[in-house]
*Asks:* 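Below is a structure I'd like to ask you about.
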Amino acid sequence: MLIFLLSTAIANTPITTTVRVVEAPRPTPHCGIFHFVALARVEAVSSTAGLPTEPFAIAISCPEMSPPLIAGETLCMTISDQDPGWPLGMIDTTGATSWWYALSITPTCAPR
């Protein structure tokens with residue numbers, strides 16, 4: 001089911017953390033013509049203030065235009081619960097009622 005992009009906010013500061021992909025996002029056809037967003041489910045690898053302790057939904061912009069996310073892989077994500085202003089957002093919510101937004105995804109987080 002595709003619906004217009006909505007969000008329920010929890011916090012408002014971007015967080016960079018290591019996450020494990022629990023469920024990869026579904027493909028979004030015609031990305032590049034339209035701007036689609038799909039949800040993946042991830043879990044924080046280590047305790048990070050402000051993040052849920054259970055797996056949570058994360059919105060991925062045009063997931064097929066990036067390297068694929070694979071269930072079980074560990075990645076570094078900068079995420080926010082604030083809508084980053086993606087234009088003409090359509091999202092497949094897969095039953096989620098709230099989600100975070102992936103602002104960037106990299107293989108590993110830089111040392112602090």
Side-chain angles (χ1 to χ4, degrees):
M1 164 194 297
L2 291 174
I3 64 170
F4 284 102
L5 187 61
L6 303 170
S7 173
T8 54
I10 300 168
N12 59 17
T13 302
I15 297 170
T16 299
T17 189
T18 301
V19 299
R20 181 174 298 109
V21 178
V22 175
E23 182 181 332
R26 290 195 246 175
T28 54
H30 310 296
C31 233
I33 297 170
F34 300 102
H35 184 199
F36 288 99
V37 177
L39 292 186
R41 294 197 69 73
V42 299
E43 62 185 351
V45 171
S46 58
S47 177
T48 303
L51 288 182
T53 55
E54 298 295 319
F56 57 96
I58 187 86
I60 309 291
S61 176
C62 290
E64 70 282 356
M65 295 180 80
S66 306
L69 297 182
I70 301 166
E73 78 178 324
T74 302
L75 301 163
C76 181
M77 286 189 182
T78 298
I79 62 176
S80 174
D81 64 342
Q82 299 297 303
D83 182 349
W86 290 334
L88 188 62
M90 297 285 284
I91 191 165
D92 179 351
T93 63
T94 60
T97 56
S98 66
W99 50 85
W100 290 70
Y101 297 90
L103 304 178
S104 70
I105 303 171
T106 56
T108 59
C109 289
R112 295 180 190 209

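Numbering of residues begins at 1 and proceeds along the displayed sequence.
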*Asks:* Do I60 and I105 make a side-chain contact, defined as non-hydrogen atoms from C-beta onward lying under 4.5 Å apart?
*Replies:* yes
*Asks:* For P14 and S80, work out which heavy atoms get closest and say how close.
*Replies:* CA-CB, 4.3 Å
*Asks:* Looking at every heavy atom in both V45 and T74, which two are closest together, and how far apart are they?
*Replies:* CG2-CG2, 3.9 Å
*Asks:* Report the distance from atom CZ of R41 to atom CG of L69, rounding to the nearest 0.5 Å.
*Replies:* 14.5 Å
*Asks:* Quick one: pull up CG in L75 and OG1 in T106 and give me the separation to the nearest 0.5 Å.
*Replies:* 7.5 Å
*Asks:* With sequence neighbours excluded, tell me which residues meet side-chain hydrogen bond (donor to acceptor under 3.5 Å, both in side chains) with E43.
*Replies:* R20
*Asks:* Tell me the closest heavy-atom pair linking I15 and A49, and the distance in Å.
*Replies:* CD1-O, 3.7 Å
*Asks:* If you take all heavy atoms of V22 and A71, which pair is closest and at what distance?
*Replies:* O-CB, 3.7 Å
*Asks:* Mind checking side-chain hydrogen bond (donor to acceptor under 3.5 Å, both in side chains) for S104 and listing every partner two or more places apart, or none if nothing turns up?
*Replies:* T78
*Asks:* Specify the closest pair of heavy atoms between A44 and F56, including all atoms of both residues, with the distance to one decimal.
*Replies:* N-CE2, 4.1 Å
*Asks:* What distance do M77 atom CE and T17 atom OG1 have between them, rounded to the nearest 0.5 Å?
*Replies:* 10.5 Å
*Asks:* Are L51 and W100 packed together at the side-chain level, in the sense that at least one heavy-atom pair is separated by less than 4.5 angstrom?
*Replies:* yes
*Asks:* For the CH2 atom of W99 and the CG atom of D83, what is their distance to the nearest 0.5 Å?
*Replies:* 10.0 Å
*Asks:* Specify the closest pair of heavy atoms between A102 and I79, including all atoms of both residues, with the distance to one decimal.
*Replies:* CA-CG2, 4.1 Å
*Asks:* Not counting sequence neighbours, list each pair that qualifies as a salt bridge (Lys or Arg N to Asp or Glu O under 4.0 Å) and has a residue in residues 63-79.
*Replies:* none
